[in-house]
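The structure appears below as structure tokens.
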Amino acid sequence: MKLKSISSMILACALFITGCSSATEKTQGESKVEESSSVTYPITVKHAFGETVIEKEPKNVVAISWSNQDTPLALGVVPAGVSKANYGKTDENGLLPWTAAKYKELGVDKPVVFDDVDGLDYEAISNSKPDVILAAYSGIKQEEYDLLSKIAPVVAYPNLPWQTYWRDQIITNATGMGKKAEGEKLVSDLEKLIAEKAAKYPNIKGKKVAFCYFSPTDLGKFYIYTSTDPRVAYLYDLGLVEADSVKEIAKDTKSFALTISSENIDKLTDVDVIVAYGNDALLKQLQADKLLGTLPAIKNGAVALIEDGSALAASATPSALSIPATIDEYLNIIGEAADKVK
């Protein structure tokens, strides 16, 4: 089988892979972190680059990269600065809907957002005067970590870039804020929500799934996400299971996604449901393809399509705030695809 690892950063960017007040509006210049009485400092957070020691309760929290800001916001903490979302439907500030809504709920009309899509804005991050920088779900490299660490302690990803599950993202970031217990409670609450919502879709449970990316301009190959990708792990939370074929394909890789030649589509015949970015036009194109169209899931239309660039597409990579915001829509789309399994 022709398989090749693809760049984490390229796929993350291509497929999704930051005070004063007046009488009329509020803005934030520092985060609002309440003291956690049960926390003893210093705190040590272990991660891919070693460990970070946080000497005292952070007052200013900065969150960079993808979705890390949703953890402090979900815990009622207003970040001193966050990264602009690089994918999905965003508002005038460059924030995804659930992030923007939480800011407004917390009384912030003009959040500080770093325009760092083309590279980290170290000056803007420094100007936010962070006491801690949250990056539990990111693709920062050693050099970037080192430069950020000169500004403030950095909470990096636990193991590999772009491969932090939503639970670990929440707990790791919350730990860096001195709010591990609150993070664990948030995870528990979200797990209960997911279980309650997924129970309404028994047709999904146990279906073998593959999360793919197809380029309409080149169907000679496609990408398949592995179980280390949080998008895929979230599907398992919803009741779907890993297809044996996908597990076999990914057994010797540390990448979150692989390239597969369409000539090898017959290796995936055990897949019941495919989740992919696209629309009905893409499905018709897949079904008409002489190779991809032979796969039962595609032939039957058991493909859960997420409109590329939409808010839902962004939420397929789950966060503390995106899960409750879009889980109903996501389950509905997957449920409709599951109904077409033969």
Side-chain angles (χ1 to χ4, degrees), residues 1-6 11 15 17 163 165 194 198 201-216 218-308 312-313 315-318 329-342:
M1 184 179 292
K2 300 175 183 178
L3 302 176
K4 183 172 69 173
S5 296
I6 60 178
L11 204 63
L15 306 184
I17 77 124
Q163 296 182 53
Y165 298 149
I194 292 170
Y201 292 84
N203 61 326
I204 290 176
K205 189 173 180 59
K207 294 292 191 301
K208 296 180 179 180
V209 68
F211 198 134
C212 303
Y213 176 78
F214 300 96
S215 172
D218 182 11
L219 293 182
K221 64 179 183 297
F222 62 98
Y223 305 108
I224 189 165
Y225 298 99
T226 68
S227 62
T228 63
D229 188 283
R231 279 168 282 207
V232 177
Y234 184 34
L235 293 177
Y236 303 158
D237 289 330
L238 298 178
L240 295 138
V241 299
E242 183 177 23
D244 293 336
S245 59
V246 176
K247 185 175 183 178
E248 177 65 21
I249 288 170
K251 68 179 182 180
D252 295 322
T253 183
K254 290 184 178 181
S255 176
F256 72 90
L258 299 169
T259 307
I260 300 181
S261 169
S262 295
E263 295 175 353
N264 293 310
I265 193 66
D266 60 324
K267 303 293 184 180
L268 298 173
T269 54
D270 66 331
V271 173
D272 297 314
V273 174
I274 290 175
V275 178
Y277 300 100
N279 52 30
D280 290 339
L282 174 64
L283 178 57
K284 290 178 181 179
Q285 191 176 355
L286 294 175
Q287 291 175 326
D289 187 85
K290 64 180 182 180
L291 294 174
L292 299 176
T294 63
L295 190 69
I298 291 176
K299 184 186 300 185
N300 300 332
V303 182
L305 292 163
I306 313 169
E307 188 70 39
D308 198 12
L312 182 61
S315 73
T317 304
E329 182 182 3
Y330 201 22
L331 281 168
N332 183 59
I333 291 173
I334 297 172
E336 289 179 351
D339 282 339
K340 297 175 182 178
V341 176
K342 296 180 182 179

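The shown structure was predicted, so the numbers you read here are calculated from the model rather than taken from an experiment.
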Gap separating the [atom1] atom of [X] from the [atom2] atom of [Y], nearest 0.5 angstrom:
X	Y	atom1	atom2	result
Lys284	Asn279	NZ	CG	9.5 Å
Leu291	Asp266	CG	CG	9.5 Å
Asn264	Ser245	CG	OG	11.5 Å
Leu295	Leu286	CG	CG	10.0 Å
Lys290	Ser262	NZ	OG	11.0 Å
Lys205	Leu240	NZ	CG	10.0 Å

Quick one: closest heavy-atom pair of [X] and [Y], and the distance?
X	Y	answer
Val271	Ala243	CG2-CB, 3.8 Å
Pro318	Pro230	CD-O, 3.7 Å
Val303	Ala297	CG2-O, 3.9 Å
Ala304	Ala337	N-CB, 3.6 Å
Lys340	Gly301	CD-O, 3.2 Å
Ile306	Ala316	CD1-CB, 4.2 Å

Got a sec, which residues hit side-chain contact (heavy atoms from CB on, under 4.5 Å) with Pro216, two or more places apart in sequence or on another chain? Leu282, Gln285

For Glu329, all residues meeting side-chain contact (heavy atoms from CB on, under 4.5 Å), sequence neighbours excluded: Leu312, Ile333

Under the ring-ring contact (aromatic ring centres under 6.0 Å, His included) rule, collect the residues that match up with Phe222, sequence neighbours excluded. Phe214

I'd like to check the ring-ring contact (aromatic ring centres under 6.0 Å, His included) partners of Tyr330; sequence neighbours left out, ordered by chain and number. Tyr234

For the residue pair Ile224 and Leu258, establish whether any side-chain heavy-atom pair is separated by less than 4.5 Å. yes

Is the shortest side-chain heavy-atom distance between Tyr236 and Val209 below 4.5 Å? yes

Are the side chain of Asp272 and the backbone N or O of Val341 linked by a donor-acceptor pair below 3.5 Å? no

Between Asp289 (side chain) and Leu292 (backbone), is there a donor-acceptor pair under 3.5 Å? yes

Does anything in residues 293-303 form a side chain to side chain donor-acceptor pair (under 3.5 Å)? List the pairs, not counting sequence neighbours. none

So which pairs with a foot in residues 233-249 pass salt bridge (Lys or Arg N to Asp or Glu O under 4.0 Å), sequence neighbours left out? Arg167-Asp237, Lys208-Asp244, Glu248-Lys251

Is the ring pair Phe211/Tyr277 parallel, tilted or perpendicular, if the boundaries are 30 and 60 degrees? tilted

Not counting sequence neighbours, which residues clear side-chain hydrogen bond (donor to acceptor under 3.5 Å, both in side chains) with [X]? List them please.
X	value
Asp339	Asn203
Thr228	Gln163, Thr226
Lys221	Asp218
Asp280	none

Take Ile334 and Leu235 through the side chain to side chain contact (heavy atoms under 4.5 Å, CB included) test and state the conclusion after the steps. CA-CA 9 Å; Ile334 297 172; Leu235 293 177; 3.8 Å; yes

